[in-house]
Amino acid sequence: MFAEENGLKGDPRLQHISQSIRVIPHFPKNGIMFQDITTLLLDHKAFKDTVDIFVDRYRDMHISVVAGIEARGFVFGSAVALGIGAKFVPLRKPRKLPGEVFFEKYSLEYGTDCLEMHVGAVQPGERAIVIDDLVATGGTLSAGIKLLGVEFSVFVYILFPLRHFLTYNCSLNLVLVPNMLYAFFTLIM
Ligand SMILES: O=P(O)(O)OC[C@H]1O[C@H](OP(=O)(O)OP(=O)(O)O)[C@H](O)[C@@H]1O
Ligand SMILES: Nc1ncnc2[nH]cnc12
């Protein structure tokens, strides 16, 4: 579900947020159009509007877990968690979490990686949202969904503050995880 189709059509905040993202060609390697959200973070209004839109949407949905994907999902996810009154659970890159972990390996647009989550961070039946800045191949998001949903049978709502425009259609196919209930919400088409 896109923000524009969900009551935010014509909302000037969306265009401002979109314009605050810098695109850097050929980073970190040739052919990648890197969507740089650090410029959004420099713009207080764009950053606040981004968080507010997600807080307004998820505030009254009985969400008790916001899982943020390292590293950029931490920035947006922790702000949304505070706003809706949920706990924040970091989904981290390998060998960063000190306790016992569940893990999921995945492939990226420029390599392979793995996500880990602390055992005990989420309880069966909790409702969670997974937050990251964008989706490219969908590998990272898919790993995040599996970490939460399959292990704990949680309801998973997915939102991205941003998304990778060029490969979006491909991403949606790849992130579908069978036998799970989840919904997408994105800000920018
Ligand atoms: O849809 P995908 O192909 O999986 O790519 C999307 C992921 O790639 C980026 O993170 P990255 O792994 O570069 O790590 P970072 O946030 O630490 O920079 C981005 O923040 C997403 O997490
Ligand atoms: N094109 C892209 N821009 C920013 N982060 C990314 N992660 C994977 N692909 C990316």
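The basis for the numbers below is simple: all heavy atoms, side chains too, and nothing from hydrogens, waters or symmetry mates. Remember, it's 1-based here, ligands and their atoms both numbered in the order they're listed.
Across T140, D132, I69, heavy-atom proximity to atom 22 (O) of ligand 1 is greatest for D132. Selection from R72, K93, Q35, E70 by nearest heavy atom to atom 9 (C) of ligand 1 gives R72.
Those atoms of ligand 1 that come under 4.0 Å of a heavy atom in L134, given as number and element, are 6 (C), 21 (C). Set against the non-hydrogen atoms of I32, the atoms of ligand 2 under 4.0 Å away are 1 (N). Near G139, meaning under 4.0 Å from any of its heavy atoms, are these atoms of ligand 1: 1 (O), 4 (O). Of all atoms in ligand 1, listed by their number and element, those nearer than 4.0 Å to a heavy atom of D133 are 19 (C), 20 (O), 21 (C). Residue L134 has at least one heavy-atom neighbour below 4.0 Å for each of these atoms of ligand 2: 3 (N), 4 (C), 5 (N), 6 (C).
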Could you tabulate the donor-acceptor pairs under 3.5 Å formed by side-chain atoms of residues 80-96, not counting sequence neighbours?
residue : atom : partner : partner atom : Å
K87     : NZ   : A121    : O            : 2.9
K87     : NZ   : E126    : OE1          : 3.0
K87     : NZ   : E126    : OE2          : 3.4
R92     : NE   : E70     : OE1          : 2.9
R92     : NH2  : E70     : OE2          : 3.1

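At least one N or O atom of A71 sits closer than 3.5 Å to an N or O atom of ligand 1. An N or O contact shorter than 3.5 Å links M33 to ligand 2 by distance.
Annotation: salt bridge (charged side-chain N to carboxylate O under 4.0 Å, His left out) contacts of K45 (sequence neighbours excluded): D49.
Under 4.0 Å from ligand 2, not a single heavy atom of D133 appears.
In this structure, T50 OG1 and I21 CD1 are separated by 7.5 Å, a value rounded to the nearest 0.5 Å. Summarising the geometry, atom NZ belonging to K146 is positioned 11.0 Å from atom CG belonging to L115; distances are rounded to the nearest 0.5 Å. Rounded to the nearest 0.5 Å, atoms CD1 (I17) and CD1 (I37) are 12.5 Å apart. Rounding to the nearest 0.5 Å gives a distance of 8.5 Å between CE of M61 and CD1 of I129. Taking CG of L147 as the start and CD1 of I69 as the end, the distance is 8.5 Å to the nearest 0.5 Å.
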